[in-house]
Number of protein chains: 2
Amino acid sequence: MKRRSLQSIQKQLQSSSYKLTPQRQMTLQVLLEKDDSHMSAEEIYIQLKKKYPSIGLATVYRTLDILTELGVVYKVTFEDGISRYDLKMEGNEHFHHHLLCLECGRVEEIADDLLTDIEPLVEQEFQFKILDHRLTFHGICHDCQLKKKGEE
Amino acid sequence: MKRRSLQSIQKQLQSSSYKLTPQRQMTLQVLLEKDDSHMSAEEIYIQLKKKYPSIGLATVYRTLDILTELGVVYKVTFEDGISRYDLKMEGNEHFHHHLLCLECGRVEEIADDLLTDIEPLVEQEFQFKILDHRLTFHGICHDCQLKKKGEE
DNA sequence: TTGGTTGCAAACAGTTTGCAACGGT
DNA sequence: ACCGTTGCAAACTGTTTGCAACCAA
């Protein structure tokens, strides 16, 4: 499961009437570097500040909106109401689920496509054209299970 | 797939050191009446105001927190960042998914348990103890598909 | 010069919290 | 009298917006 290259995303931006500004390039760079970390807009902003201190939070939000619209990133929102952004994989669709640990709050990404068999069934039964999905398992991660055992 | 009775929920509240106040009873009543409608705290508040005009929004939030903690309701948060609350079914677990129409915003509930086969696989592969899940399909609902065809 | 883009500050919306008043036991 | 609960207003937090300045074509 490979990530897309910076270049291919940049091309997509430009060919969509969006300008490839330094701010947008830096944002993409941070997303690629800190891959798999499910960062919120604020966390991305903090990373960006290190490389580009003059950047504003609003710009980060605007850039993330564009990237979401173009399908470059996923926007996922958990029950805490904070939106987090992940780069999409190459090949694009449906390979992206989460494990959310209720103990430590960590988000693990799992790449298996668990729903290939299920989606056609749902489409047919409910006459609903599926474009995307969000699947998150809530539970206790391996580390926290061990920690709990240790405490007993 | 049956909903729980008002009485059984009331008993659970009382046996959990929470008082069964009129505000909490009314909130439960609204949830049972407007079942399947995926209401936000604000929407529940508006319904409550009709029957109990003196109620405050903070109380609604506090009640919904309790009900979530007790497992009486599900709290689901979509990408718009607004939390919505659904009563859990009788029998309790894992029978609850959503179809979110990207066209009209409507949320449809589907009751099939699509994940029974998948969960054991995930638990084993990632050593993750699954307690709950959230599965939402994003797409175009039947009505909007028809509408679109009509426009062509 | 035009039109998209930016940074800032203010506005916004959903949610939470501090607190005095309330009410059942 | 006690203690959980309530309604209100203020505070908080993540996100959006208005706007003047900016910048590349």
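Per chain, numbering begins at 1; letters A, B, ... match sequence-line order. Below, each value reflects all heavy atoms present in this structure, side chains not excepted, and no hydrogens, waters or symmetry copies.
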Can you check the [X] [atom1] to [N] [atom2] distance for me, whole Å?
X	N	atom1	atom2	answer
A:Q14	D:dA24	CD	P	15 Å
A:Y45	D:dT15	OH	C1'	14 Å
A:E43	D:dT13	CD	P	15 Å
B:M26	D:dG7	CE	C1'	16 Å
B:E79	D:dT15	CD	C1'	15 Å
A:K49	C:dC8	NZ	P	6 Å

Student check: side-chain heavy atoms of B:V73 and B:D86 closer than 4.5 Å: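 Not touching, per the 4.5 Å side-chain cut-off.
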Close side-chain approach of A:V72 to A:L13, heavy-atom, < 4.5 Å: no
Listed partners of A:Q127 passing side-chain contact (heavy atoms from CB on, under 4.5 Å), at least two apart: B:H142
Residues in side-chain contact (heavy atoms from CB on, under 4.5 Å) contact with A:L6, at least two apart in sequence or another chain: A:Q10, A:L28, A:L32
Salt bridge (charged side-chain N to carboxylate O under 4.0 Å, His left out) contacts in which one or both residues fall within residues 41-69 of chain A, not counting sequence neighbours: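 Those involving residues 41-69 of chain A are A:E33-A:K51, A:E43-A:R84.
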Ring-face cation of B:K75 near B:Y85 (centre distance under 6.0 Å, axis angle within 45°): no
Donor-acceptor contact below 3.5 Å, side chain A:Q145 vs main chain A:I140: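 Yes, the answer is positive, given that a donor and an acceptor are paired below the 3.5 Å cut-off.
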Taking only nitrogen or oxygen atoms into account, show me every contact under 3.5 Å that the protein makes with nucleotides 13-18 of chain C, one pair per line with its distance.
residue : atom : partner : partner atom : Å
C:dT15  : OP1  : B:S83   : N            : 3.3
C:dT15  : OP2  : B:Y61   : OH           : 2.2
C:dT15  : O5'  : B:Y61   : OH           : 3.0

With A:T77 via side chain to side chain donor-acceptor pair (under 3.5 Å) - residues at least two apart: A:S83
Please list, for nucleotides 1-5 of chain D, all pairs of protein and nucleotide N/O atoms separated by less than 3.5 Å.
residue : atom : partner : partner atom : Å
D:dT5   : OP1  : B:K19   : N            : 3.0
D:dT5   : OP1  : B:R24   : NH1          : 2.7
D:dT5   : OP1  : B:R24   : NH2          : 3.4
D:dT5   : O5'  : B:R24   : NH2          : 3.4

